[in-house]
Amino acid sequence: MLQQKESYDVLRLIEHGQLCYISSENVQGKTLDRYLKYHPVIKKREIFLLLKEIAGQLASFHRCRGNPCYQYVNPYSIVRSEDGRIYFLDMQSEANRSKMIFMQRRDIREYFLPPDEKYYQHASKELDMYGLGKTFQYILASVEAEPRFNRREEYRLQRIISKAMGIRSTHYLNVSEIQKQIPRYEEKDRDKILNNKGKRRKKVCITVVLSIVFGGYLFINAWENAEKANQREMKRTESSKSEEKKSEKSDDRIKKKIYERDEEYLELALAYFLNVGDMKKSLKCLNQMENQTLAVNLKRLIKAYEKQKVPEEAEKFAASLAYLENEWKERNMQSEEKKKQAIQCLIRGYGLLDDKESSEKMLNLVEEGLKTDYLNDSAKRELLQYQASALEKEEKKEEAANIYAEILEDETEPGKREELYKKMVQLYETAGRRDMASDTCIQGIKELGESEELKLTHIRLICADPAVNRDTCALKIKEYVTEDTELLENAEFKKLQKEYGIKAEGGNIWVGR
C-alpha cells in the first residue's frame, strides 16, 4: 500500500524588481518539523542552503505590498516541497485551520515567542525575526551536520540566532541581514588546495624579502631613534594614565564579548539538555565555554542525570549543585525562561540525592517553578513528578498520591495512566487511606477495563477490609471473573483464593474470610 502524500496550501511569492507579490498554490511535501524528524543527518551544505532559503522566503514576504508580517514563524508553518523548495503555509486558507489551532498550543507559543508575548496576537518584523532565530535553533538541535560544523561556523550560527532573538546588545534591522550572515560551505577540490599552497609559498617569499628590507631600514634609522628616546619617554609618562583608562575600557569590552559568547553556548547547552534530551551535544557546547568553572559543575550534573546515578564523590556533586544554585541567582532575574531552566536543572540534580535536606530543597524549587509564567505542559509535568517523588521520600504518602492524581489529569498514554493509577493505590493504602485506594482502583478499572493488575488489587483491598461484607466481595469478584475468565488462572488470583478462602464453582463465587 502506497503512503498517502501530504499536500498543503502555501504562499507563492513572485518577485518583480524590488517588489514582491503574493499568490497561493497547493504543493506536496512535508512541514519542516516532519522533514527533520525523518532526516536526522543532513549535509552541511544543505543545512546552510535550507537556512538561507527560509530567511529568503521571509525577507521576500516582508517586501510584499503593504510590508506585511507573517506572524507564525516556526517549523510547523514551513513546508519543504518534494522538489526541495521552501514555502510558508497560507494561514488564510481554511485547509490550514487545524495547523493554526495547533500553533496556538501553549508549548508551541512559549517556545517560538518571546517571554513577554503570550499569544500569536501581535505581528511585527521583530517577532518574525525572533521566530526565525528560534526556528534556526530548532533545526540545529534536531539534525547532525555531515561533515560537522567547525568551531567558527558554530559560533557564527549561534551569533545569528542570539542576534535574531535580541539576546545580544545589537540586533538585526531586517531579515535580509540575517540571510547575508549565514555561512557558505564549499568543498575544496585538489586543484584549489594545490593552488592555495602555491599562493602561500609566494606569500612566504614576499614576507621574507620585506623582512630583510625592513630590517635594513631599522638599522639605518636606529641612531635617529636614540636621540628621540628621551622625548618619547616623557610623552609616555604623560600619556600613561590615559592609556590605562583606554586599556580598562578595552578589557571591559573583551570581558563583555566573552560573557555574551558564554551565554550563547550555555543557552544552547541547556536547550539540548532540557528540551531535546541530547546530553552529548549539551556537553560539547559546555566544552566551548571560557567559564570552565561553571561548565565543569554543570557537566557533572548532566552526566549524573544521564546515568541516573550520583557519582562516587557525592560531596563534590552536592557542592556542584550548591555552586550552580548560587551562580544562577543573578541569571534567574534576567527572565522567566532562564529562571525556569535553572530550576529544571537543579531539581534534576537534587532528585538524585536521597537525604532529607535535598528533598526539602527540591520541594522549594518545585514550588517556585510552578509559579513561573514561562512553563509549558511537559515542564510542569516534570516538576510535579519530582514533587511527588520528594513527598514520598518524606513519608507524606497521601500528599504524594494527590500530586500523582494531578499528573494523571494531563497524561494521555494508556500505559502511563495505568502506572499512575497503581502508584496512587499503593500510596493511599500505605497512608492508611484504604477508602481512597479502593475508589482509585474502581476509577482505573472503569477507564482501563483490561487491567488485570488493578482488578486483582481491588479484590485484595475489599477482601482484606473487615468492614466490607463477604457477599459484596463475592459479587464484585464474580463481576470481574465474568468480564475476564482468564482471571481465574492468574497466579496472583490463586494466592488470593488461598489467603481469603475464595471459591469459584459453576459460575458462583464464595468468600470464606
Side-chain angles (χ1 to χ4, degrees), residues 308 351 354 359 377-378 380-513:
Q308 284 296 295
D354 291 325
S359 295
D377 293 339
S378 60
K380 181 183 177 182
R381 192 180 298 116
E382 182 180 24
L383 290 177
L384 290 173
Q385 288 277 6
Y386 277 105
Q387 186 180 26
S389 175
L391 289 169
E392 280 189 73
K393 290 176 183 178
E394 293 199 346
E395 298 298 321
K396 297 177 180 178
K397 307 293 185 182
E398 187 174 350
E399 289 181 45
N402 292 337
I403 298 299
Y404 282 120
E406 192 175 342
I407 297 170
L408 183 67
E409 291 178 8
D410 294 325
E411 184 55 66
T412 56
E413 191 178 322
K416 290 182 179 178
R417 289 186 67 82
E418 183 179 5
E419 289 302 317
L420 285 168
Y421 274 120
K422 290 190 288 186
K423 186 72 174 175
M424 288 160 61
V425 170
Q426 178 247 320
L427 288 169
Y428 280 131
E429 186 180 9
T430 308
R433 293 300 305 273
R434 194 174 288 175
D435 58 331
M436 291 293 293
S438 183
D439 288 346
T440 303
C441 266
I442 293 169
Q443 183 184 338
I445 293 163
K446 186 177 180 181
E447 181 191 328
L448 309 164
E450 296 180 358
S451 177
E452 282 192 353
E453 198 167 340
L454 282 175
K455 290 175 183 176
L456 291 167
T457 302
H458 191 222
I459 292 171
R460 178 179 60 76
L461 285 170
I462 59 177
C463 288
D465 189 350
V468 180
N469 184 279
R470 301 299 90 181
D471 291 338
T472 304
C473 293
L475 284 171
K476 183 55 70 175
I477 296 169
K478 184 177 180 179
E479 179 188 327
Y480 291 155
V481 169
T482 304
E483 291 173 355
D484 184 3
T485 54
E486 293 181 3
L487 204 63
L488 292 169
E489 303 303 320
N490 188 288
E492 187 61 32
F493 182 78
K494 291 183 182 297
K495 288 181 184 178
L496 293 174
Q497 280 186 292
K498 290 180 182 178
E499 189 172 354
Y500 298 106
I502 302 170
K503 294 181 181 179
E505 293 178 6
N508 295 315
I509 302 289
W510 297 273
V511 178
R513 56 182 184 277

For [X] and [Y], which heavy atoms make the closest approach, and how far apart are they?
X: I403; Y: A388; result: CG2-CB, 3.8 Å
X: K393; Y: G351; result: NZ-O, 3.3 Å
X: K455; Y: D484; result: NZ-CB, 4.1 Å

Determine the sole option in V468, I462, L461 for which the side-chain contact (heavy atoms from CB on, under 4.5 Å) test with D465 is passed.
V468
For residues [X] and [Y], determine if any side-chain heavy atom of one lies less than 4.5 Å from a side-chain heavy atom of the other.
X: E406; Y: K380; value: yes
X: Y480; Y: I445; value: yes
X: L391; Y: N402; value: no
X: E492; Y: E452; value: no
X: I477; Y: L496; value: no
X: E453; Y: Y421; value: no

Could you tell me whether the side chains of E418 and S451 share a donor-acceptor contact shorter than 3.5 Å?
yes
How about CD on Q308, more than 12 heavy atoms from neighbouring residues, nucleotides or ligands closer than 6.0 Å, or not?
yes
To the nearest 0.5 Å, atom CD of E429 lies from atom CZ of R460 at 4.0 Å
Expected output: side-chain R470 to main-chain C463 donor-acceptor under 3.5 Å
yes
Donor-acceptor pair, distance only, cut-off 3.5 Å: does the side chain of S389 make one with the backbone of Q385?
no
Pair E419 + K422, salt bridge at N-O below 4.0 Å
yes
